[in-house]
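Let me begin by presenting the structure, written as structure tokens, before commenting on it.
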Amino acid sequence: MGFTMMYVTLLIFIPLSMIFLNTATMGWESFWAVVTEPRVVASYKLSIGAAFAAASVNAVFGLLLAWVLVRYDFPGKRIIDGLIDLPFALPTAVAGIALTTLYASTGWVGQYLDIFGIRVAFTPLGVVVALTFIGLPFVVRMVQPVLEGIEKEVEEASASLGASRIHTFFKVIFPVVIPALLSGFALAFARALGEYGSVVFISGNMPMRTEITPLLIMTKLEQFDYVGATAIAAVMLVFSFVMLLIINAIQWWSQRRYV
């Protein structure tokens, strides 16, 4: 216990507490003026909204992908299963450059989307795409072991009692998967909220439009505005804590309700 507390204190508590200590040197009026600037508020909306949208997309398609990998055998299954972890190993800057090249107006995918008037690179949609890319493994790897632990006999028993496949999924399988799915959603959301490398290239970094909060913090640090940077970081940190508490409460409720 002592070693654990020392490790957590040195690596988590002390670094995070420095954010609030630096912010405390500001007066309340100065703090409020910094964190409510129109440019900062716009970055909050984009970062939080894009992170939530990306985590929601990953929750749906991550569950579908995990289901396919667990329930079906097909050629190349091991390769696809290995590629799921690629965002973990790939440097985020490399991912950002690759996505920008792919979805730009002259890219392999972007040139066809541009015909229909759909622009991805240098738009908020591009931010969502980048955050979806880096967050997918969290959902798949959380849900996959749970699906593997569900015996097929449970589905067969449900079918023998006259339940349809859809009814079996939502009444028998989905309640068991909910806690793991929420955990994957929380991890994907938390990762996306603070993502920088994969977004900075594809977003275009236009103030009030495609500028994310981590980039704004870096901009203030480059301008030696350390107090302003820590003030914005403190707001994002508090929001992350609140969201994690809410999601953990939902997980606890779902475990009490369904498990």
Side-chain angles (χ1 to χ4, degrees), residues 12 15-16 18-23 25-26 30-58 87-105 107 110 119-138 186-244:
I12 299 178
L16 293 182
M18 294 304 299
I19 294 177
F20 295 102
L21 289 176
N22 287 336
T23 305
T25 60
M26 306 174 63
S30 299
F31 171 80
W32 186 254
V34 170
V35 300
T36 58
E37 289 180 5
R39 182 178 176 183
V40 177
V41 173
S43 72
Y44 293 153
K45 293 179 180 179
L46 177 61
S47 294
I48 296 171
F52 184 83
S56 300
V57 171
N58 282 329
F88 287 151
L90 192 67
T92 55
V94 175
I97 295 173
L99 291 172
T100 304
T101 304
L102 187 65
Y103 287 102
S105 298
R119 295 192 59 190
V120 177
F122 315 126
T123 66
L125 179 58
V127 177
V128 176
V129 170
L131 297 182
T132 302
F133 173 79
I134 58 98
L136 179 63
F138 292 99
L187 292 173
F189 178 81
R191 169 68 188 276
L193 197 61
E195 179 61 18
Y196 175 79
S198 62
V199 180
V200 70
F201 294 102
I202 197 171
S203 66
N205 309 321
M206 291 177 283
M208 305 293 293
R209 290 188 56 193
T210 61
E211 187 177 46
I212 58 175
T213 304
L215 175 63
L216 192 56
I217 293 173
M218 289 296 299
T219 300
K220 287 188 174 294
L221 290 175
E222 291 173 354
Q223 297 171 350
F224 302 101
D225 185 8
Y226 300 117
V227 177
T230 53
I232 299 173
V235 172
M236 295 297 291
L237 184 60
V238 170
F239 179 81
S240 299
F241 281 152
V242 171
M243 287 301 301
L244 289 176

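Quick note: numbers below take in every heavy atom, side chains included, and nothing from hydrogens, waters or symmetry partners. Since we're looking at a predicted model, the values are computed, not measured.
Below 30°, between 30° and 60°, or above 60°: for Phe138 and Phe88 the angle between ring planes is above 60°, a perpendicular geometry.
Contact annotation: the side chain of Pro87 never approaches that of Leu136 to less than 4.5 Å [non-hydrogen atoms, C-beta and beyond]. The shortest side-chain heavy-atom distance between Val40 and Val34 does not fall under the 4.5 Å cut-off. Side-chain contact between Thr230 and Phe31: absent, with no pair of heavy atoms (C-beta onward) separated by less than 4.5 Å. Between Leu221 and Tyr226 the shortest side-chain heavy-atom distance falls below 4.5 Å. In this structure, the side chains of Leu90 and Phe133 come closer than 4.5 Å at one or more pairs of heavy atoms. Here the side chains of Phe241 and Leu237 are in contact, with some heavy-atom distance below 4.5 Å. Two residues are said to be in side-chain contact when any heavy atoms from C-beta on lie closer than 4.5 Å; Tyr196 and Ile217 fail this criterion.
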Would you check, one step at a time, whether the test side chain to side chain contact (heavy atoms under 4.5 Å, CB included) holds for Leu125 with Tyr103? CA-CA 10 Å; Leu125 179 58; Tyr103 287 102; over 6 Å; no

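Of the options Ile134, Ile212, Asn205, a side-chain contact (heavy atoms from CB on, under 4.5 Å) to Val199 is made by Ile212 and by none of the others. Paired with Glu211 under the rule salt bridge (Lys or Arg N to Asp or Glu O under 4.0 Å), one option of Lys45, Arg39, Lys220 passes, and it is Arg39. When each of Leu131, Leu187, Thr132 is tested with Asn58 by the rule side-chain contact (heavy atoms from CB on, under 4.5 Å), just one qualifies, namely Thr132.
For Tyr44, the OH atom counts as densely surrounded, since its 6.0 Å shell holds more than 12 non-hydrogen atoms of other residues, nucleotides or ligands.
Counted by atom type alone, Ser203 and Thr210 present zero donor-acceptor pairs between their side chains at under 3.5 Å.
Here the closest non-hydrogen pair linking Ser198 and Ala130 is O-CB, 3.6 Å.
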